[in-house]
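Some notes on the structure that comes next.
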There are 2 protein chains.
Amino acid sequence: MAVTIKEVAQRAACSIKTVSRVVNDEPHVKPALRERVLNAITELGYVPNISARQLVQKKSYVICILLHSSGSFQSTLISKVLDLGYEGNYEILVQTYYPSFSRSRDKITTLIQQKRIDGLVTTPPCDSDPFLIDLIKSSGIAHVHIAPFQPTGGTPYVSAEDYTGAYQMTEYLIQKGHQRIGCLMGLRNHRSSLDRLFGYKAAVEAHALPFDVKYLVDSENNFPGGYNATRMLMSLSEPPTAIFALSDEAAAGALYALNELKIDVPGQVSLAAFGDITHSNEIWPGISVVKYPLEQIVEKSVRMLIDLVEGLQPDERQVIFPTKIIERGSIRSIAAPVRQDNRR
Amino acid sequence: MAVTIKEVAQRAACSIKTVSRVVNDEPHVKPALRERVLNAITELGYVPNISARQLVQKKSYVICILLHSSGSFQSTLISKVLDLGYEGNYEILVQTYYPSFSRSRDKITTLIQQKRIDGLVTTPPCDSDPFLIDLIKSSGIAHVHIAPFQPTGGTPYVSAEDYTGAYQMTEYLIQKGHQRIGCLMGLRNHRSSLDRLFGYKAAVEAHALPFDVKYLVDSENNFPGGYNATRMLMSLSEPPTAIFALSDEAAAGALYALNELKIDVPGQVSLAAFGDITHSNEIWPGISVVKYPLEQIVEKSVRMLIDLVEGLQPDERQVIFPTKIIERGSIRSIAAPVRQDNRR
DNA sequence: TTAATAATTGACAACGTTGTCAAATCAATT
DNA sequence: AATTGATTTGACAACGTTGTCAATTATTAA
């Protein structure tokens, strides 16, 4: 049915190897012959059979990106990855991975063993699963990792300035006169969230503000988390004048809670967020954010992985993208009140 | 490096063909020998090479689902699809497709020509691209289609009761005493939205209410669309007492607009939506909806596709799932006012 | 027991490509 | 013109499976 390399060779009156060379842009074919082969290819509508190539090259030309679950972070990531699928020879297989879930483990094991994938990009918290890390190590499959640290020594990774970004936003709030800054932090087992928290804390301390644990509220990185944490913050005897949510979703919950409490933003309370990953500006217009450059991170990690798969040593093995503050009007300057404590 | 079928055969002292039979659960192997082969397989850690199998069977064991762009509909769909990837022999390749975009066309053409995919699930509006439909037809690739009609005669499809669901919700609102029901409709080239609109219209007319075009507002299926349309509706001299948004995102925009206008939901205006696709109940708690069974649809369409790929004629070629109304408290009964017109 | 039939097993040729290496051709130098 | 060396080309063996069909063995019927 399908046209094979043999038929092309016949038509171009040369050997199949020559056709192969032309198809793969290898040198050592004279222009005239190359032309003849190219013509034969178009005339016959020849398309190389990938399975045969895979068989002999022991390569699947499929790379895989592992995700934990699907939320807004994931959906942005996925859409970026899917668009990368337009490039090059590689198909991109997206697969969910739930740590300690045996079906996840079986699936990824099979994918690797059957050589259906040449490489793997992981995102937290997948990389904290020892089984997965062991599997990757022992199989020797190419691996790049999206997160602010190395799960296994020396694994290349791509990340953003979580610490610095949070530090800068906190400092910015302080410079606007805020002294009581509530912080909606994410889960403690998520390294990015932790780094952001450290950045917040460092900025507060650097400016000799009282670091008060009561302004630090645990909250999952989602809407109800931000909602509940904000209700709690605003019920304090000395409520914060600014709230810094370490995720988009928590910020959305915070905004909702403030609306409900008839607290004007930014009139009465300023709001800042870390993320801007979802189309948050469309859904919740006007929240000032530290932009997390997810799209750049995803693109870079895939490109690094392809380099690794192709045996090129990437020039960088750790890439950290800068963050930046985007002002959208949810932060207001307030007159700095007289400092109460911390004056020695 | 990797263990091959040959080595297993050697160890089990039989032919490679016998090993193949055991691996593929074919008959005609005596229990004792089968046992021996199975042992050899575990002892050596043998895993069949998929590329070789692909080569000889002319089958990729990858199926593809095409999407237009990434939004919340897409993200739910994707996460469902990704979880289906835990089953069976097929990997699922998710690929964006933008009608009339040449890179999209090249990509899908290549995927099909290189036999990297065995089958294809399409979602609107991809299926309205004549190039894609032609390609699918001429290549003869297996195809299932998520939408309320057939783009090409006889293509199997999976869908939901868009018309009936909208009819029922509208009727429900009417029974609650509402006579002026605003409708935020989606784009007119999206067949599902159209069907919903027809359902709304039919219900209004069936109850002898005045069908007034001013209550029918164009709005893209997103937040700003719903926001703007609602502002417009509420500025009418006789604003609606209920708003029916034909998508989740538009409903979110509507709720935001109503909040901004200090209009209580459901105290002053009732709100209903069609969708519940996103985790809308978490993000915008309490909107009453017609549930669109996206997850069932996706699962069914993939299973149908696999059946088609395997040459099984699926028993159903059109599957339409029912919708249902979920009350979450955004709809209020109002005393039926005296009918003004329509009394003859 | 023998013949006929059914079940089991294996030898070997595909599948369509790329890698290896030898042969053939060409260009450059003596 | 002969020799050398580089370039171009091709023959053929992988790659690891499954499909075909023949050979073998077991089972049944006469």
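What you see below is based on every heavy atom in this structure, not just the backbone, and it leaves out hydrogens, waters and symmetry mates. Quick caveat, the model's predicted, so the values are computed rather than measured.
- Look at CD1 on A:I50: it is 11 Å from C1' on C:dG16, rounded to the nearest Å.
- Residue-to-nucleotide contacts include no donor-acceptor pair under 3.5 Å from the side chain of A:K6 to the base of C:dG16.
- Mapping A:K30 and A:I16 onto DNA chain C by nearest heavy atom places A:I16 at the nucleotide closer to the 5' end.
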Checking salt bridge (Lys or Arg N to Asp or Glu O under 4.0 Å) for the pair B:E91/A:K107: CA distance, chi angles, key distance, verdict? CA-CA 10 Å; B:E91 308 312 322; A:K107 183 70 191 184; 3.3 Å; yes
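- When the nucleotides C:dA14, D:dA14, D:dT9 are ranked by their closest atom to the side chain of A:V56, D:dA14 comes out on top.
- Counting heavy atoms of neighbouring residues, nucleotides and ligands inside a 6.0 Å radius, atom CD of A:Q10 does not exceed 12 of them.
- In this structure, A:K59 places its NZ atom 10 Å from P of C:dG19, rounding to the nearest Å.
- Using a 4.0 Å heavy-atom cutoff across all strands shown, A:P48 reaches sugar-phosphate atoms only and no base atom.
- Side-chain proximity of B:A52 to the nucleotides C:dG10, C:dT17, D:dG16 is greatest for D:dG16.
- Taking atom CD of residue A:E26 and atom C1' of nucleotide C:dT20, one finds them 12 Å apart after rounding to whole Å.
- The phosphate of D:dG10 (OP1 or OP2) has a side-chain N or O of A:T18 nearer than 4.0 angstrom.
- In terms of phosphate contacts, A:Y61 brings no side-chain nitrogen or oxygen within less than 4.0 Å of OP1 or OP2 of C:dT17.
- In this entry the distance linking NZ of A:K17 with C1' of D:dA13 reads 12 Å, nearest Å.
- Taking atom CD on A:Q10 and atom P on C:dT17, their separation rounds to 14 Å, with Å as the unit.
- With A:H145 as the fixed residue, the side-chain hydrogen bond (donor to acceptor under 3.5 Å, both in side chains) test singles out one of A:T155, A:T122, A:D127: A:D127.
- With rounding to whole Å, A:D25 atom CG is found 12 Å from C:dT18 atom P.
- Applying the 3.5 Å distance criterion, the base of C:dG19 shares no donor-acceptor pair with the side chain of A:R21.
- Of the candidates B:L84, B:I92, B:V81, B:I63 forms a side-chain contact (heavy atoms from CB on, under 4.5 Å) with just one, namely B:I92.
- Taking only side-chain nitrogens and oxygens, B:K58 comes nearer than 4.0 Å to OP1 or OP2 of C:dG16.
- Put simply, A:S20 has a side-chain N or O that comes within less than 4.0 Å of OP1 or OP2 on C:dT18.
- Protein atom CZ of A:R53 is 9 Å distant from nucleotide atom P of C:dT17, rounded to whole Å.
- Spacing between atom CG of A:L55 and atom C1' of D:dA14 amounts to 9 Å, rounded to whole angstrom units.
- More than 12 heavy-atom neighbours from other residues, nucleotides or ligands sit within 6.0 angstrom of CD on B:E87.
- For C:dC15, neither phosphate oxygen OP1 nor OP2 lies less than 4.0 angstrom from any side-chain nitrogen or oxygen of A:N49.
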